[in-house]
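As the structure is a prediction and not an experimental result, all values here were calculated from the model. Indexing begins at 1, ligand by ligand and atom by atom, following the structure's order.
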Amino acid sequence: MTLLAIESSCDETSVAVVRRGRILCNLVASQVDLHAEYGGVVPELATRAHLKNLPLLVREALNQAAVEAGELEAIAATRGPGLPSALMVGYRAGEAMAFTLGVPFIGVHHHLAHLYSPWIEGKPLQSVLGQFEANVSLVVSGGHTLLVHMADVDHYRVLGSTIDDAAGECFDKVAKLIGLPYPGGPELDRLAAEGHPQAYAFPRPLLHDAGFDFSFSGLKTSIRYWLRDHPEILEDGHKLRDLCASAQAAMVEVLVAKTARAAKAFGVRCLTASGGVSRNRGLRQALLHVARGSGWHLRLAHETICTDNAGMVGILAEHQLLRGMSRTGWDEEVLPGWSIEQPGFDFSDDLHR
Ligand code: KG4
Ligand code: ZN
């Protein structure tokens, strides 16, 4: 199947062409510069940028993939969750293309696209999923922090999520306190690599809590007060790097400890991680360390598809269509608050194995 996918749930406009589990082309127009001066995503600006970028990206993606519009057998677009007006741009454009071409249209759940992204290997997803192992999956992004138990390919259960800020939000807010440009996560990661993670002891919220939920706003607040009392740190390059490393270590320790505890609780031998924050080198190393120590397999989303992109949307859409999931109707709407626990569909049992 050759499929075109669109992602526009937040501040990245992305268009991909995928075929049999392979991402032929995955273009992302980042809006980082546009939102940087506001220190966060401005929905109206994001929507206008999606409207401007999308037609160009569709044409360029088809060109780069050497695929004619007439060869497309389906169109997919992120349906939710996300910013309502931003979602509408990609969703309605995809729907209009599918209607015009007379091919199925499928609205994809953004978090599910992240959840499956560690399984993307450039070959038919069905064959990769043939080696599926029950796992505990960490989906960490700017807008979401989820710990998921995937018992089987199409059966998953959310074990925990954040009760306040998402992991990426915490990275970005801490980076902002330090004076790093938006979005600060990647820059904090870079500075942390040159600092000492045990230099300063910051709290590890909910680390010893029996549940699987996360909380990050207290950590951010404690770093804010700490900086108020130690303003000189910001003037010292070494100490600043130590601060980044220590803040990152606090976030990573909680994320990894909960993931490992969930793996033990559910008896799985495989961990996966995805979403923008899964690009973080400290997190990747810590997951590798814990997986090695316990003899578990580790599947990390490839670095090129951790942050929001249409490739992961297209690959999941292809999987869902091949599994017999019905196409999305023409009269459906975007779902800005779509919960991953109520995806609104079920894979039928006869198609399940
Ligand atoms: O998945 P994504 O592109 O968007 C959402 O769905 O939210 O994730 C973006 C988030 C931002 O908060 C960004 O700072 C964070 O991922 N991020 C990182 C790194 N790269 C991206 N956080 C920490 N370390 C990184 N290397
Ligand atoms: Zn995302």
Student: Does any N or O atom in E169 lie less than 3.5 angstrom from one in ligand 1, N or O only?
Tutor: no

Student: So, is H111 placed with an N/O/S atom under 2.8 Å from the Zn ion (ligand 2), counting both backbone and side chain?
Tutor: no

Student: Indicate yes or no: does D154 engage R323 in a salt bridge with an N to O separation below 4.0 Å.
Tutor: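 Salt bridge between D154 and R323, a charged N being under 4.0 Å from a carboxylate O: yes.
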
Student: Would you check whether R281 has a nitrogen or oxygen atom less than 3.5 angstrom from a nitrogen or oxygen atom of ligand 1?
Tutor: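 Looking only at distances, the answer is no, because the N/O contact criterion of under 3.5 Å is not met.
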
Student: To the nearest 0.5 angstrom, please state how far the CZ atom of R190 sits from the SG atom of C244.
Tutor: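 Here the interatomic distance stands at 9.5 Å.
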
Student: Tell me, which protein residue and heavy-atom name are nearest atom 22 (N) of ligand 1, and how many Å apart are they?
Tutor: G185 CA, 3.6 Å

Student: What's the shortest distance from atom 19 (C) of ligand 1 to any protein heavy atom, and which residue and atom give it?
Tutor: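 The closest heavy atom on the protein side is G276 O, 3.7 Å.
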
Student: Can you tell me the protein heavy atom closest to atom 10 (C) of ligand 1 and the distance?
Tutor: G142 N, 3.4 Å

Student: Take R241 and E194, measure what salt bridge (Lys or Arg N to Asp or Glu O under 4.0 Å) needs, and give me the verdict at the end.
Tutor: CA-CA 6 Å; R241 284 166 170 74; E194 296 162 9; 2.6 Å; yes

Student: What orientation do H109 and W338 show, parallel under 30°, tilted 30 to 60°, or perpendicular over 60°?
Tutor: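 Tilted.
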
Student: Between Y91 and F105, is the gap from one ring center to the other below 6.0 Å?
Tutor: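 Centroid distance Y91-F105: below 6.0 Å, so yes.
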
Student: Please report whether ligand 1 has a polar contact with S141, defined as an N or O pair separated by less than 3.5 Å (distance criterion only).
Tutor: yes

Student: Specify side chain, backbone, both or neither for D189, according to which of its non-hydrogen atoms lie closer than 4.0 Å to ligand 1.
Tutor: side chain

Student: Is there any N or O on G275 that sits under 3.5 Å from an N or O of ligand 1?
Tutor: no

Student: Roughly how far, to the nearest 0.5 Å, is the CD1 atom of I6 from the CG atom of L57?
Tutor: 9.5 Å

Student: Between H35 and Y182 (judged by ring centroids, cut-off 6.0 Å), do the two rings come close enough to count as a pair?
Tutor: no

Student: Is there a heavy atom in P186 that sits closer than 4.0 Å to ligand 1?
Tutor: yes

Student: Please identify which atoms of ligand 1 are closer than 4.0 Å to at least one heavy atom of C306.
Tutor: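 Counting atoms of ligand 1 from 1, those under 4.0 Å from C306 are 1 (O).
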
Student: Rounded to the nearest 0.5 Å, what's the gap from CZ on R281 to CD on Q285? Could you check?
Tutor: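 Rounded to the nearest 0.5 Å, the CZ-CD separation comes out at 8.0 Å.
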
Student: Can you name the N/O/S atom of D308 that is nearest the Zn ion (ligand 2)?
Tutor: OD1

Student: Between atom NZ of K52 and atom CG of L34, what is the distance when rounded to the nearest 0.5 Å?
Tutor: 8.5 Å

Student: Work out whether the distance between some heavy atom of A166 and some atom of ligand 1 is less than 4.0 Å.
Tutor: no

Student: Within this structure, what is the CD-CG distance for the pair E71 and L101, rounded to the nearest 0.5 Å?
Tutor: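 Here the interatomic distance stands at 11.5 Å.
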
Student: Run the numbers for me: atoms of ligand 1, each under 4.0 Å from some heavy atom of H110, listed by number.
Tutor: 6 (O)

Student: Of all N, O or S atoms in H114, identify the one at the shortest distance from the Zn ion (ligand 2).
Tutor: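 This turns out to be NE2.
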
Student: Could you tell me whether some N/O pair between G168 and ligand 1 is separated by less than 3.5 angstrom?
Tutor: yes

Student: Salt bridge check: are E253 and R204 linked by an N-O gap of less than 4.0 Å?
Tutor: yes

Student: For atom 11 (C) of ligand 1, grab the closest protein heavy atom and report residue, atom and distance to one decimal in Å.
Tutor: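 Of every protein heavy atom, D172 OD2, 3.5 Å lies nearest to atom 11 (C) of ligand 1.
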
Student: Could you say whether the N/O atoms of D308 and ligand 1 ever approach to under 3.5 Å?
Tutor: yes

Student: Are a donor atom and an acceptor atom from the side chains of E12 and N309 found within less than 3.5 Å of each other?
Tutor: no

Student: Any nitrogen or oxygen of G143, side chain or backbone, less than 3.5 Å from one on ligand 1?
Tutor: yes

Student: Can an N, O or S atom be found in C10 less than 2.8 Å away from the Zn ion (ligand 2)?
Tutor: no

Student: Give a yes/no on ligand 1: does Q248 have at least one heavy atom closer than 4.0 angstrom to it?
Tutor: no

Student: Return the closest protein heavy atom for atom 24 (N) of ligand 1 as residue, atom name and distance.
Tutor: N280 ND2, 3.0 Å

Student: Indicate whether any N or O donor in one side chain lies under 3.5 Å from an N or O acceptor in the other, for H50 and D11.
Tutor: no

Student: For ligand 1, which atoms, with element, lie under 4.0 Å from some heavy atom of H144?
Tutor: 5 (C), 6 (O)

Student: Using the benzene-type ring in the case of Trp, are the ring centres of H144 and H110 under 6.0 Å apart?
Tutor: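 Yes, they do, as the ring centres are separated by less than 6.0 Å.
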
Student: For H114, state whether at least one heavy atom is located under 4.0 Å from any atom of ligand 1.
Tutor: yes

Student: Does F171, backbone or side chain, put an N or O under 3.5 Å from an N or O of ligand 1?
Tutor: no

Student: State whether E73 and R19 are salt-bridged, where the test is any N-O pair (Lys NZ or Arg NE/NH1/NH2 against Asp/Glu carboxylate O) under 4.0 Å.
Tutor: no

